[in-house]
Amino acid sequence: MRPVPIRVPGRLFTALATGGGGAEALDLLARAEYSRRLACAHAVTEAAREIGGGVAEEAGQAWELLAAAHRADPRAVSAVLTHPSAGTALVGLLARLDRVVEGDTGAVGEPPVHSFSSLAAAAAVRAGVSARVRWPLTTDQVFLPSLGGARFSGAGPGDLAEVEVDTAGQARVDVVGRGSVPGPVAVPKAPYESSGRWRAAHRLVVLDTGAPLLLDDVDPLRFPGVPERPLGLSADDLHWWEVTAREACRLLRAHHPETCAELAAGPRTLVPLGRTGSFSGSSAEAFGSMALSRPRTGRALALSLAHELQHSKFAAVLHLFDLFEPGGEERYYAPWRPDPRPLLGLFHGAYAHLGVAQFWNRHRTVEQDPEELARAHAQFARWRAGAREATEVLLSSGRLTAPGQHFAETMLRTLDALCRLPVPAEAGRRGLALAAEHRVEWVRRNDREAVPESSRYGLSSAASHVGTTGFEPATP
């Protein structure tokens, strides 16, 4: 059970830089993320061994159980470690262990490694490996990443979670320590299945490859910064998500086949947020997951999926390649943000909005409603110009490595081609007016003297590459 070196063919690296890559690229990035998480699990074990005591013992047992599950069914371990919350758990745990190893005076006592034990237990359940695993509870929930969990009313710190898999592969979870808590709960054989007190992620859609699109409201580590407690979705909420997800996938399948193929390349997890408005986000360590507010329409969800897939791809690429030199205090104007951004944020956003521009370009070829078609043209004009402007700034930053230079130059060539496509003059003006309004508001909010000159201007440069139809050029 060792991490496998990942080699990225030049053609796939270039394909990713164009904003695409398809299912082949997503499969490669998923394998890379699995290898990285396996390396992280081994690093957790080694760091715990340096600390010694109960931490070393618990982590060592978890590693041995992972190895046993891998011998029985490697796909079971892969399914657990590639689950989005596994990345959040392992990276967070490793950071805490490293602080103790390095003698951080703020790290008091032995750090808990129960998240590692729960990952190993989930792998044993999936592989059907006979085992009994215990770890200290911090809440009243016993949770197995990628499978689900159960609440035990009255349980909490001082009690032990217990997961037992018998010789027939049947699994149950229980709490040891208090006689007043509810009895054990059987773990369903099929992933993503809720039964009785057992709660799992909701399967919204089964994609063309058989991979599910999930809605996860139960995993305590489902997304960084999200409360551990479930959001509490009602039956009406779930119905809305199901209907909207089906419509979004239908739209992607019909009009955005490459994005649809990337979405269907593996399980994808949506994390619902309680906040209102249009919001979505991704995490570098939760590959395959995206958090978002309730989408208003299927098209809005399709756009969010396309947008966040770009961020997920780019984060995985950054785990494989150093695209820019570290350091640097520069902060840049980004046409999609209210605040100055570091180079990493600018690169991430430029790549994501290249994908947004490509989405609107395809959408404007199929939109039938005149008002919505005008909006699609304007959004396309805005985001191709914004992404191009940011990419020019990246290339002039002086901090890109050779792979980063190739990646950004490929992005720029792709955006140049998009900027040569004709757009109705009025829509072009509207798109660039939206961009100009954003810049004016950004200048009002921020001290522009703190931002490099190269990032303050450039709208006219981007506009000069914009193709239009009609009698008047699109000018800022």
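Computed over heavy atoms, backbone and side chain alike; hydrogens, waters and symmetry mates excluded.
- Annotation for Ala264 and Leu207: closest pair CA-CD1, 3.6 Å, computed over non-hydrogen atoms.
- Between the side chain of Ser194 and the backbone N or O of Ala200, at least one donor-acceptor pair lies under 3.5 Å.
- Checked by atom type, the side-chain pair His311/His348 shows a donor-acceptor distance below 3.5 Å.
- Note on residues 28-41: pairs passing salt bridge (charged side-chain N to carboxylate O under 4.0 Å, His left out), not counting sequence neighbours, are Asp27-Arg31, Arg36-Glu285.
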Next item on the list: Report the C-alpha distance between Tyr351 and Val317 in whole Å, list the side-chain angles of each, state the deciding distance to 0.1 Å, and finish with yes or no for side-chain contact (heavy atoms from CB on, under 4.5 Å).
Entry: CA-CA 12 Å; Tyr351 185 71; Val317 168; over 6 Å; no

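- Nearest approach of Tyr192 to Ser146, heavy atoms of both residues: CE2-O, 3.7 Å.
- Nearest heavy atom pair, residue Ala76 against residue Arg126, reads CB-CB, 3.7 Å.
- Two residues are said to be in side-chain contact when any heavy atoms from C-beta on lie closer than 4.5 Å; Val80 and Leu66 fail this criterion.
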Next item on the list: In sequence, state the C-alpha distance, the side-chain angles, and the governing distance for Arg172 and Glu164, and then conclude on salt bridge (Lys or Arg N to Asp or Glu O under 4.0 Å).
Entry: CA-CA 6 Å; Arg172 66 172 182 83; Glu164 184 173 5; 2.8 Å; yes

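- Contact record, Ala168 with Lys189: O-NZ, 4.0 Å, taken as the closest heavy-atom pair.
- Here the side chains of Thr391 and Leu354 are not in contact, with every heavy-atom distance at 4.5 Å or above.
- Counting heavy atoms from C-beta on, the side chains of Leu323 and Phe314 come closer than 4.5 Å.
- When all heavy atoms are compared, the tightest approach of Ser115 to Ala89 is CB-CB, 4.0 Å.
- Side-chain atoms of Thr14 and Arg11 include no donor-acceptor pair closer than 3.5 Å.
- At least one side-chain heavy atom of Leu270 sits less than 4.5 Å from a side-chain heavy atom of Trp241.
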Note to self: One pair to check against salt bridge (Lys or Arg N to Asp or Glu O under 4.0 Å): Arg375 and Glu371. What are the steps and the verdict?
What the structure shows: CA-CA 6 Å; Arg375 178 170 181 266; Glu371 185 175 338; over 6 Å; no

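- Contact record, Pro295 with Trp240: O-NE1, 2.9 Å, taken as the closest heavy-atom pair.
- Contact annotation: the side chain of Thr269 never approaches that of Phe223 to less than 4.5 Å [non-hydrogen atoms, C-beta and beyond].
- For Phe13 and His406, the ring centers are positioned less than 6.0 Å apart.
- Contact check for Glu58 versus His114: side-chain heavy atoms found under the 4.5 Å cut-off.
- Summarising the local packing, CG of Asp322 is surrounded by 12 or fewer heavy atoms from other residues, nucleotides or ligands at distances under 6.0 Å.
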Next item on the list: Show the numbers, then the answer: is there a salt bridge (Lys or Arg N to Asp or Glu O under 4.0 Å) between Arg341 and Asp339?
Entry: CA-CA 6 Å; Arg341 302 296 289 159; Asp339 54 336; 3.7 Å; yes

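- Contact annotation: the side chain of Glu367 approaches that of Arg299 to within less than 4.5 Å [non-hydrogen atoms, C-beta and beyond].
- Ring planes of Phe359 and His256: parallel class, angle under 30° (limits at 30 and 60°).
- The closest donor-acceptor contact from the side chain of Gln368 to the backbone of Val366 lies under 3.5 Å.
- In this structure, the side chains of Arg268 and Leu26 come closer than 4.5 Å at one or more pairs of heavy atoms.
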